[in-house]
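What follows is one structure encoded as structure tokens, with my remarks underneath.
Values below: every heavy atom of this structure, side chains too, minus hydrogens, waters and symmetry copies. FYI, the numbering just counts along the sequence from 1. Because the structure is a prediction, the values reported are computed rather than measured. Atoms within a ligand are numbered from 1 in the order they appear, just like the ligands themselves.
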Amino acid sequence: MRKPIIAGNWKMNKTPAEGAALVNELKPLVQDAECDVVVCVPATDIYAVSEAVKGSNIHLGAQNVHFAESGAYTGEISADMLLALGVEYVIIGHSERRQYFGETDETVNKRTLTALNKGLIPIVCIGETLEERETGKTEEVLRRQTVEGLKGVEDLTKLVIAYEPVWAIGTGRTATSEQANETIGFIRKVIAETFCPKCAAAVRIQYGGSMKGSNAKELMAQEEIDGGLIGGASLKAPDFAQVVNYNK
Ligand code: 13P
């Protein structure tokens, strides 16, 4: 059985005080959640939110991690720095980082291996653009991102994959639940072929892209979908709680 995991990706939103307030409002709303609940916050919010989540069932995540131990990497953050503040999860290779910050399958792979090595749980993002989907390249792109991004990972069950079709992010355009289910099934097949069938069956794969309270139940009812990576709908506690409590 794969335990569902709902993670919020705040992206570049919320000051530390706003982030702590959001979490304090969220705590009672999600305390009975049956899934793993994670908030992936901006680096500047990590300390304030780590204090706010104490004693709750909300887990703390970051939005990026560098692959080096330490050194001359201005603007980057190391795994040890995250771990020191109680971070457990880290988003790696989000399409916005691939699109705007030069992230590649190779850097995704390096960050993933470092995160795992250090004991962080990577949430590795993959997904095709609209052009890629419309030109029939979805499977080729997802296969490449999966195989290259996860190369050398010994135990795939120690990470989470987020399938986020780029055309569904922040657009209000969700993949249909059947589309998302089928595509995630394909990713699982690639993992079974490339890595091992047992880990393909055990690895958790989230859907992300305009997922919200009103569509979470239907998406989560799909066999292959093990959770959600939530952008816009994670920025208000009641909205995010509605996704977390999708089965209530
Ligand atoms: P939205 O939920 O705002 O579409 O964002 C999805 C996403 O990119 C989460 O990482």
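Residue, atom and distance of the protein heavy atom nearest to atom 7 (C) of ligand 1 are Glu164 OE2, 3.1 Å. Of the protein's non-hydrogen atoms, Lys11 NZ, 3.3 Å is the one closest to atom 5 (O) of ligand 1. When hydrogens are left out, the protein atom nearest atom 3 (O) of ligand 1 is Gly232 N, 2.8 Å; that is the closest non-hydrogen contact.
Of all the atoms in ligand 1, the ones that sit under 4.0 Å from a non-hydrogen atom of Ser210 are 1 (P), 2 (O), 4 (O). Distances below 4.0 Å separate heavy atoms of Gly170 from the following atoms of ligand 1: 1 (P), 3 (O), 4 (O). The contact set between ligand 1 and Gly209, taken as ligand atoms under 4.0 Å from a residue heavy atom, comprises 4 (O), 6 (C). Annotation for ligand 1: atoms under 4.0 Å from non-hydrogen atoms of Gly231 are 1 (P), 2 (O), 3 (O), 5 (O), 6 (C), 9 (C).
Heavy atoms of Ala168 found under 4.0 angstrom from ligand 1 belong exclusively to the backbone. Proximity of Lys212 to ligand 1, defined as any heavy-atom pair under 4.0 Å, is not found for any part of the residue. Only the side chain of Asn9 comes within 4.0 Å of ligand 1, counting heavy atoms alone; its backbone N, CA, C and O stay farther away.
A side-chain donor from one of Glu34 and Asn247 sits under 3.5 Å from a side-chain acceptor of the other.
Note on ligand 1: Ala233 sits outside its first shell, no heavy atom being nearer than 4.0 Å.
Distances between N or O atoms of Gly208 and those of ligand 1 include no value under 3.5 Å.
Of the possible donor and acceptor atoms, one in the side chain of Arg2 sits under 3.5 Å from a partner among the backbone N and O of Ala201.
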Practice problem: Please test Thr107 against Glu103 for side chain to side chain donor-acceptor pair (under 3.5 Å), starting from the C-alpha separation and ending with a verdict. | Solution: CA-CA 6 Å; Thr107 56; Glu103 195 83 63; 2.6 Å; yes
